[in-house]
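See structure below.
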Amino acid sequence: MTTPPPDLSGAVDMSHGGGGRAMARLIRDIFLRHLANPLLDQGHDATRIDAGSGRIAVTTDAHVISPLFFPGGDIGSLAAHGTLNDLAMAGARPVALTAAFIIEEGFPLADLDRIAASMGQACRAAGVPVATGDTKVVERGKGDGVFITTSGIGVVPAGVDIGPRRLRPGQAVLLSGPIGDHGIAILSKRQGLEFGTEIRSDSAALHRMVADMVAVVPGIAVLRDPTRGGLSATLNELTNAAGVGMLLDERAIPVRPEVAAACELLGLDPLNIANEGKLVCVCEPEDAETLLAVMRDHAEGRDAALIGHVTVGQPGFVRMTTAIGGQRVVDWLSGEQLPRIC
């Protein structure tokens, strides 16, 4: 006998967070319906995971975004991708995720179902399950629809040691593709802006591409995903942590024409715009072409490029040779340019 679909015509109320029948029904009808897998099906307060041999990597992230749905994704898929990518930036193979939902009273059940379905689809596509989770409901006016906190567990292969302390002058700086897509997609949806063509978020899971990169070049020095603050914040964080400088080539940094046009119209710098499906890789110069070839074999890295080098001079500063031949400092973003983007 086929189980009838749940009734999603209503909205979340406080009873959905009370630990009783309504909460059990919410978990069954929405979260378990979309996220069920053998780990989650254990039904314990703590899920047992066979992580295999190797060092364990753990990460956690809170996801708050407005709007919740945007071209190219939503908060559900974004939460999965963001945590998978944080594990990947350590060179880790993701094993499992956790997900905690904080839901505001009055949030439509149909929208919650859509978010859970998107997260489930992203996790299945990535091959990484949600192993356990939690649900809380807050009173109307004390939240903003829904917030999601995800944690991730991964295994770092032997011989992989990725971190800013390994930055050295002369190393190559690689970028996996065009920057600014996510932030501009969010801004256009939030403000109702039209740019002649739809700009979609680049939100994507990068762990499979990273696994191939690490398999070919285990000695990668640094991997980072340039999310909040964009490429400029990521590179400034690295140079400040390692006490080195960087010199970029503006002409080598990929930016889609529609994103560049939107930034010019709005007076924004693409280097400061958030991304959710790109990575920065710093490696020895002799490994650069090999890694670029690996990245270009993946849809997520099809437009990968060598964008600069680590330098010995001016430690803590990122400089860029501009398209007209001059140089400028690529500084940290001052203030909050695009709030609520991840």
Side-chain angles (χ1 to χ4, degrees), residues 57 59 61 82-92 154 156 160-180 182-183 202 206-207 209-210 213-214 217-250 252-255 269-288 291-292 295 300-301 304-322 327-334 336-337 341-342:
T59 187
D61 203 358
T83 300
L84 290 168
N85 291 345
D86 284 347
L87 289 172
M89 296 308 104
V156 181
V160 174
D161 182 20
I162 292 173
R165 60 185 176 74
R166 295 193 55 223
L167 286 177
R168 299 287 185 274
Q171 290 173 330
V173 182
L174 314 180
L175 178 65
S176 64
I179 58 173
H182 178 71
D202 61 343
L206 303 176
H207 60 294
M209 182 172 73
V210 169
M213 293 167 64
V214 169
V217 183
I220 290 172
V222 173
L223 293 169
R224 283 289 176 90
D225 53 341
T227 53
R228 281 176 297 178
L231 184 63
S232 62
T234 295
L235 298 185
N236 274 283
E237 287 174 5
L238 292 176
T239 55
N240 276 265
V244 297
M246 281 188 187
L247 179 61
L248 309 179
D249 180 355
E250 183 177 33
I253 299 173
V255 182
D269 186 343
L271 297 176
N272 293 332
I273 306 297
N275 312 273
E276 286 293 344
K278 299 296 185 294
L279 65 79
V280 172
C281 172
V282 184
C283 64
E284 298 305 321
E286 60 268 24
D287 294 325
L291 287 168
L292 286 172
M295 284 191 275
E300 298 81 12
L306 169 65
I307 64 167
H309 293 85
V310 182
T311 64
V312 67
Q314 296 185 300
F317 284 90
V318 179
R319 295 170 295 134
M320 184 168 69
T321 301
T322 67
Q327 280 196 6
R328 73 174 178 92
V329 173
V330 178
D331 205 355
W332 303 79
L333 176 66
S334 178
E336 184 66 38
Q337 179 171 263
I341 48 77
C342 63

Shortest non-hydrogen contact between [X] and [Y], atoms and distance:
X	Y	result
Met209	Glu300	SD-C, 4.2 Å
Lys278	Pro226	O-CD, 3.2 Å
Val156	Ala57	CG2-CB, 3.9 Å
Ala172	Ala288	CB-CB, 4.0 Å
Ala305	Pro254	CB-CD, 4.3 Å
Leu279	Ser176	N-OG, 2.9 Å

- Could you tell me whether the side chains of Thr83 and Asp61 share a donor-acceptor contact shorter than 3.5 Å?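 Short answer, no.
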Under the 3.5 angstrom rule, does the side chain of [X] hit a backbone N or O of [Y] as a donor-acceptor pair?
X	Y	answer
Asn236	Val330	yes
Asn275	Gly180	yes
Thr59	Leu87	no
Ser232	Leu271	yes
Asn272	Gly230	no
Arg168	Arg165	yes

Looking at side-chain heavy atoms only, is the closest gap between [X] and [Y] below 4.5 Å?
X	Y	value
Pro164	Arg224	yes
Val280	Val222	no
Cys281	Leu223	yes
Val244	Gln171	no
Val173	Val310	yes

- Could you tell me which residues satisfy side chain to side chain contact (heavy atoms under 4.5 Å, CB included) with Glu250, sequence neighbours excluded, listed by chain and number? Met320, Thr322, Ala323
Nearest 0.5 Å please: distance from the [atom1] atom of [X] over to the [atom2] atom of [Y].
X	Y	atom1	atom2	result
Leu247	Gln314	CG	CD	9.5 Å
Leu235	Phe317	CG	CZ	14.5 Å
Leu174	Met213	CG	CE	7.0 Å
Ile220	Arg166	CD1	CZ	9.0 Å
Ile273	Leu231	CD1	CG	11.5 Å
Leu175	Ile307	CG	CD1	4.5 Å

- Message: If you apply the rule side chain to side chain contact (heavy atoms under 4.5 Å, CB included), what do you find for Met89 with Val210, and how did you get there?
- Response: CA-CA 8 Å; Met89 296 308 104; Val210 169; 4.0 Å; yes
